[in-house]
Structures are given as C-alpha cells and as structure tokens.
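See structure below.
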Amino acid sequence: MMIFHIMLKAIKLTLRDKGYFLYMMIFPLALILVLGSVLQDAFSSDVELDKMTVEYTVQKDSPVGKAFSEFATGASGKQVTFKEADSAKAGKDAVVNGDAVGFVDVKDDLTVTTNAPSQIEMSVLDGYLDGFAAQYRLASTIIKVDPTQASVLQNPPKASDSAIQVEKLASGNNISAFEYYAIAMIAMVMMFGINSGINVFREEKVRHTDVRLFIAPIKKSTAIIGNFLGAIFMQTMSLILLMVISNLFFGVHWGDYALVIFVIYFSLLFLSVALGMAVDVFSNGNPAANGAATILIQVFAFLGGAYFPTGDGLMSKLSPIGWVRIGVRDVLYNHDVAAAVFPIGLNLLITAVLVVGMSLWIRRKEVY
C-alpha cells in the first residue's frame with residue numbers, strides 16, 4: 001500500500017511542473033507540425049510529368065515512315081506531343097535548345113537523338129517507341145498471314161487520358177511526412193523517460209525527504225518502486241495523448257494495431273526510465289547526469305531518424321528510437337505483427353539487465 005502512496009506523491013509533483021507538459025507534449029507536437037510541413041515534399045511519391053514534345057521526320061515513300069506518321073498522329077495527347085519537323089537539322093536543333101525531348105529520324109529504321117533527358121522522360125520516350133515497334137511488327141505479321149485484316153490496324157482503339165488509374169497501397173515506404181514524424185516523435189518522447197528515471201529518487205534528495213523515507217518503516221526498494229511507477233504513469237498518459245492527437249490531426253490511423261503499437265512504445269518507456277535510473281545509480285547521483293542524458297537522447301534521435309529519415313540500415317538499429325520506429329511502421333503499414341517482437345523483446349531484455357545491475361549495485365551501498 002505504501003508503494004501507491006509514494007506513486008501518488010510522485011504524480012502530484014509532476015503535475016505541478018509546468019515544464020513537464022512543455023517538454024513532453026508541446027515540444028514534440030510542434031516538431032511534428034514543423035518538420036512535417038517543411039519536408040512533406042520529400043516524402044511524396046507523386047511524380048509530375050511535364051509536357052513532352054518529340055519531333056520527327058519521315059522519308060517519303062517509306063513504309064516505316066508512313067506507319068510512324070499514323071502512329072504519331074494517334075499517340076499525341078496532353079502530356080506527349082509528336083511534331084513533324086521541317087528537316088532533320090531543325091529537329092536536332094529543337095532537341096539541343098530544349099524545345100523537344102527527342103528527335104526521331106524515320107527511314108528504313110528509326111534513329112533517335114536526345115540531349116540528356118531525365119530518367120522519367122527517357123522511360124516515356126522508350127515506351128512510345130517500343131509501342132510503335134510492336135505495333136508495326138504486328139501489322140507486318142498480320143498482312144503476311146491475311147492481307148484482308150490490315151484494315152483493322154488503321155484505326156486502333158485509343159485509351160483515354162483517364163484510362164490508367166494508379167492505386168496507392170499504404171506501406172512503410174509510402175507514408176506522409178506527418179505520419180513519419182508522428183511515429184518517430186512519439187518514440188523520442190518515450191525516450192525522454194531517461195530524465196524521469198534520473199529524477200525518480202533525485203527529487204527526494206533535492207527536497208531532503210530521502211532521509212525521512214529511509215528512517216520510515218519501509219524498504220528502500222519500496223520508495224524506489226513507488227517513484228518509478230509514478231514516472232511510468234505520467235509517461236503513459238503522455239503516450240496515450242500523443243497517439244490520440246496524432247490520429248486526429250496528423251492522419252496516423254492506428255486502427256486494429258493500436259494495442260500492439262502501444263505495447264511497443266510502452267516497452268521503450270520501460271527501457272528509458274530504467275536507463276535513467278541506472279545512469280543516476282551508477283553515477284552516484286552526479287548532477288552532470290541530466291546533461292549527459294539529454295545528449296544521449298539527441299544522439300539516439302539523430303541515429304534513429306527522429307529529425308530526418310535514416311532508413312532501415314545499421315544506423316537506425318543502433319538507436320532504441322530507430323528500432324521502435326521501424327517496428328511501429330511495419331506493424332501499422334505493412335500489417336506485419338511479427339515485427340513487434342524484436343523491439344519489444346530487445347527493450348525488455350535491456351531493461352531486465354539494467355534492473356538486475358542496479359539491484360546488485362544498490363545492495364553494495366549503505367545509502368542510495
């Protein structure tokens with residue numbers, strides 16, 4: 001029962017700290033809004049294709065040239081325009097001047113001239129020319145087999161500009177900037193538990209109430225556990241609020257996986273608070289521990305992709321924020337629930353090691 005009294009006391013002290021809400025709520029939400037707004041174009045997979053002009057000339061009395069002229073007339077549309085040049089020189093000049101993406105000289109075969117087009121433009125141009133080649137070979141084959149069917153190819157059916165629809169599937173590689181930073185910032189906020197862990201018992205020392213606790217008829221572990229649970233409770237409330245706000249305002253739909261994702265973040269919370277307590281214990285309450293913890297959090301945030309995407313490579317996996325971010329993303333967007341096992345298991349394993357280490361260390365000391 002005494003544990004819950006100490007826990008309640010820790011919660012009340014935290015609620016009186018206005019800086020706590022600034023640090024745990026306003027700061028991460030502001031970062032999500034700013035970084036998401038500034039970098040949203042970097043996360044967009046939409047490709048805007050500029051209008052393309054392809055100039056061409058055809059040799060008179062050439063079967064290929066006649067077929068290409070008919071193809072160019074039918075293929076011209078809003079995005080790609082085939083334009084017959086006055087001469088080969090005029091067509092090449094248009095390419096050099098940037099007025100055309102390519103120039104096609106049609107004789108018995110096709111000679112294409114380009115001037116370092118983009119990969120997208122080159123792919124589109126290749127697609128059209130490959131389409132013409134396939135159509136011409138098909139027409140030649142049909143005429144050889146049955147000349148009476150050649151008229152079928154004179155007016156082939158044309159697809160409208162809206163005939164091709166692109167359906168985007170949500171995946172870990174196709175999320176908005178707001179979604180990315182909401183996931184990463186919640187992980188970073190859970191990592192702030194290091195500071196809470198450092199202050200689990202330090203506040204008792206600062207207020208000189210630790211002496212009263214130790215002379216009271218309670219175990220030393222009772223005081224530590226009570227303060228630990230108080231820190232965990234406040235961090236948990238922050239986690240719930242951040243998940244709700246990110247769902248309402250930043251488009252992160254946790255959906256059926258909300259509980260699994262909550263457990264992933266919660267395991268990181270346990271790790272961070274335990275790590276903060278370990279820093280305080282092993283440093284013998286050194287005041288510089290808070291500054292060192294802040295630097296450590298920023299290093300983890302940098303490696304884990306909290307400020308800019310770092311992918312899924314070794315850099316991200318060196319940071320608790322990184323492996324939690326990857327796990328949450330895979331569960332949420334790739335529907336891979338098994339991806340939660342690694343971050344949860346690793347966080348709890350490290351927490352257990354820290355708790356055992358602290359217990360052994362404290363037992364060796366007369367006073368904590």
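Between F308 and F302, a ring centre-to-centre spacing shorter than 6.0 Å is recorded.
Hydrophobic clustering of Ile, Leu, Val, Met, Phe, Trp and Tyr side chains at less than 4.5 Å, counting indirect connections, unites F300 with I295. Cluster annotation: L349 and I321 are assigned to distinct hydrophobic clusters (Ile/Leu/Val/Met/Phe/Trp/Tyr, side-chain heavy-atom contacts under 4.5 Å, transitive). In terms of hydrophobic clustering, with Ile, Leu, Val, Met, Phe, Trp and Tyr side chains grouped at heavy-atom distances under 4.5 Å, L318 and I326 are assigned to different clusters. Using a 4.5 Å cut-off between side-chain heavy atoms of Ile, Leu, Val, Met, Phe, Trp and Tyr, with links allowed through other members, F282 and L296 fall into the same hydrophobic cluster. Hydrophobic clustering (side-chain heavy atoms under 4.5 Å, transitive across Ile, Leu, Val, Met, Phe, Trp, Tyr) groups I297 together with V273.
Of the residues listed (L248, I261, V252), the one engaging M243 in a side chain to side chain contact (heavy atoms under 4.5 Å, CB included) is I261, and it is the only one.
With hydrogens and angles disregarded, no donor-acceptor distance shorter than 3.5 Å links the side chain of S319 to the backbone of S316. Between the side chain of T294 and the backbone N or O of N290, at least one donor-acceptor pair lies under 3.5 Å. Proximity of a side-chain donor or acceptor of S272 to a complementary backbone N or O of M190 within less than 3.5 Å is detected. Without hydrogens or angle criteria, Y180 side chain to G305 main chain gives a donor-acceptor distance under 3.5 Å.
Of all the heavy atoms in A100 and E55, the pair that sits closest is CB-CG, 3.9 Å. For the residue pair K83 and T53, the shortest heavy atom distance occurs at CB-CG2, 4.4 Å. The two residues G102 and T114 have their closest heavy-atom pair at CA-CG2, 4.3 Å. Contact record, F103 with G91: CD1-CA, 3.6 Å, taken as the closest heavy-atom pair. Annotation for A301 and M188: closest pair CB-SD, 3.6 Å, computed over non-hydrogen atoms.
Side chains of Q298 and Y307: a donor on one and an acceptor on the other come within 3.5 Å.
Taking CE of M277 as the start and CG of L354 as the end, the distance is 10.0 Å to the nearest 0.5 Å. Rounding to the nearest 0.5 Å gives a distance of 8.0 Å between CZ of F233 and OG1 of T236.
Contacts of D99 classified as salt bridge (Lys or Arg N to Asp or Glu O under 4.0 Å), with partners at least two apart in sequence or in another chain: none.
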